[in-house]
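Each remark here refers to the structure printed beneath this line.
All values derive from a computational prediction rather than experimental measurement.
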Amino acid sequence: MATKKRWALVGAGLSTLAVGIGAWAGVRKAQARLELNRSTLNETLPVHSKWWRDHAKTEGELLYVALGDSAAQGIGASEPKNSYVGVIADHIREVTGRSVRVVNLSVSGATVALAVADQLPRFAGYEPDVVTVAIGANDIGAFDPDLFEAGIRQVFDALPDDTIVGDLPCFYLPWNEKKVAVGNRILREVAAERSLTVVPLHDTMKRQGLRGIVTQFAKDLFHPNDHGYRVWASAFLPAVTAHVGARFPREAATPPPLESTSPTA
């Protein structure tokens with residue numbers, strides 16, 4: 001009996017070990033798949049960047065300039081135009097009935113400091129009718145509140161008073177959300193000093209809940225997919241509508257002239 005019991009314990013131990021090895025192999029496989037997905041999306045960076053550069057050559061009655069990072073570029077979307085910037089541009093066309101030129105100055109991987117160094121000098125050459133900025137998500141990993149505030153002040157000081165600002169997106173993970181809360185407090189305080197409009201990107205994403213986590217991210221589990229970018233855009237659209245509706249109201253269609261009728265004899 002003692003021998004049988006000993007072998008039973010050995011068998012149980014081997015079974016537990018096998019389960020552990022299998023679980024670890026599953027984790028490693030998932031990690032490898034995620035790395036491959038990230039690598040695949042990284043290959044789209046120059047493709048999206050070129051698309052926006054080429055698209056900026058298309059003239060329009062209104063000029064929309066966007067600043068930001070890979071989200072503005074639309075990384076994770078099926079096409080660059082399906083980024084939140086593309087959705088906003090289409091909305092401006094629909095609301096105003098006018099053609100829109102889109103200049104997307106965003107750079108994938110941009111932090112606040114990199115936006116100051118690279119995007120603001122290029123922004124100075126434009127006189128846009130609509131400006132949006134969503135920057136700071138890439139600062140969260142190594143978040144420094146003082147550096148973030150200094151950088152966001154430089155960004156906001158260089159932008160027009162009617163700029164529409166997205167606050168930091170929802171990161172869902174508690175340890176990141178604590179840093180996001182500090183960043184958004186700083187962002188909103190600095191924006192209030194400049195009387196800039198801040199739209200609730202974070203709360204809009206958070207309201208999506210578990211469904212948003214499962215259905216609104218690309219295969220790298222970081223960037224939004226097409227659905228996720230429409231959620232991002234929905235945070236901006238009320239402010240965009242109010243802005244362009246006031247400045248560029250849609251012209252009422254002129255009714256055709258009435259046909260004159262000759263009196264009958």
Side-chain angles (χ1 to χ4, degrees), residues 64-77 82-92 94-95 104 106 110-112 115 128 130-140 143 145 148-149 151-153 155-156 159-218 222-247:
Y64 166 32
V65 177
L67 297 93
D69 49 34
S70 56
Q73 287 281 304
I75 304 303
N82 292 331
S83 74
Y84 76 90
V85 172
V87 176
I88 290 172
D90 286 342
H91 184 74
I92 296 171
E94 181 180 354
V95 170
N104 192 339
S106 65
T111 60
V112 170
V130 182
V131 181
T132 64
V133 57
I135 194 72
N138 291 318
D139 292 82
I140 293 302
F143 186 66
F148 181 81
E149 180 174 351
I152 211 70
R153 284 187 181 280
V155 172
F156 289 173
L159 300 179
D161 293 341
D162 55 8
T163 295
I164 300 171
V165 179
D167 63 6
L168 299 180
C170 183
F171 275 67
Y172 298 102
L173 300 173
W175 50 90
N176 282 331
E177 280 290 273
K178 289 180 180 179
K179 293 184 282 187
V180 168
V182 175
N184 274 337
R185 176 181 56 77
I186 293 170
L187 184 150
R188 287 182 173 276
E189 288 176 356
V190 176
E193 294 173 10
R194 284 286 321 281
S195 298
L196 299 179
T197 298
V198 179
V199 300
L201 175 57
H202 181 273
D203 286 352
T204 301
M205 292 179 65
K206 190 173 183 179
R207 283 198 299 270
Q208 303 300 306
L210 181 60
R211 181 183 62 178
I213 297 174
V214 173
T215 65
Q216 296 171 14
F217 282 88
F222 181 74
H223 292 94
N225 57 20
D226 287 1
H227 186 188
Y229 279 123
R230 289 194 295 272
V231 172
W232 274 56
S234 71
F236 284 86
L237 293 186
V240 171
T241 301
H243 173 67
V244 299
R247 287 192 61 190

Distance from [X] atom [atom1] to [Y] atom [atom2], nearest 0.5 Å?
X	Y	atom1	atom2	answer
L196	T163	CG	OG1	6.0 Å
N184	C170	CG	SG	10.0 Å
L237	T204	CG	OG1	10.0 Å

Please enumerate all residues that pass side chain to side chain contact (heavy atoms under 4.5 Å, CB included) together with [X], with sequence neighbours excluded.
X	answer
N176	I140, F171, L173, K179
F217	Y172, M205
A115	Q119, I135
P238	none

With sequence neighbours excluded, what pairs up with [X] under the side chain to side chain donor-acceptor pair (under 3.5 Å) test?
X	answer
S70	H223
T132	Y64
N104	S106
E193	R153

Full working for side chain to side chain contact (heavy atoms under 4.5 Å, CB included) between V130 and V244: CA-CA 8 Å; V130 182; V244 299; 3.6 Å; yes
Which heavy-atom pair separates [X] from [Y] by the least distance, and what is that distance?
X	Y	value
V112	G151	CG1-C, 3.2 Å
H202	V180	CD2-CG1, 3.7 Å
T197	A239	CG2-CB, 4.0 Å
A137	L168	N-CD2, 3.9 Å
S83	A72	OG-O, 3.4 Å

side-chain hydrogen bond (donor to acceptor under 3.5 Å, both in side chains) partners of residues 205-218, not counting sequence neighbours, each pair once: Q208-Q216
Are [X] and [Y] close enough that some pair of their side-chain heavy atoms sits under 4.5 Å apart?
X	Y	answer
P145	I186	yes
I164	V131	no
V87	N82	no

Sequence neighbours excluded - salt bridge (Lys or Arg N to Asp or Glu O under 4.0 Å) pairs with any residue from residues 83-92: D90-R93
Salt bridge (Lys or Arg N to Asp or Glu O under 4.0 Å) partners of residues 162-178, not counting sequence neighbours, each pair once: D162-R247, D167-R188
For residues 227-236, tabulate all N or O donor-acceptor pairs below 3.5 Å that involve a side-chain atom, not counting sequence neighbours.
unit_1	atom_1	unit_2	atom_2	d
Y229	OH	I75	N	3.4
Y229	OH	I75	O	2.6
S234	OG	V231	O	2.5

L187 and V165: CA distance, side-chain angles, deciding distance, side chain to side chain contact (heavy atoms under 4.5 Å, CB included) verdict: CA-CA 9 Å; L187 184 150; V165 179; 4.0 Å; yes
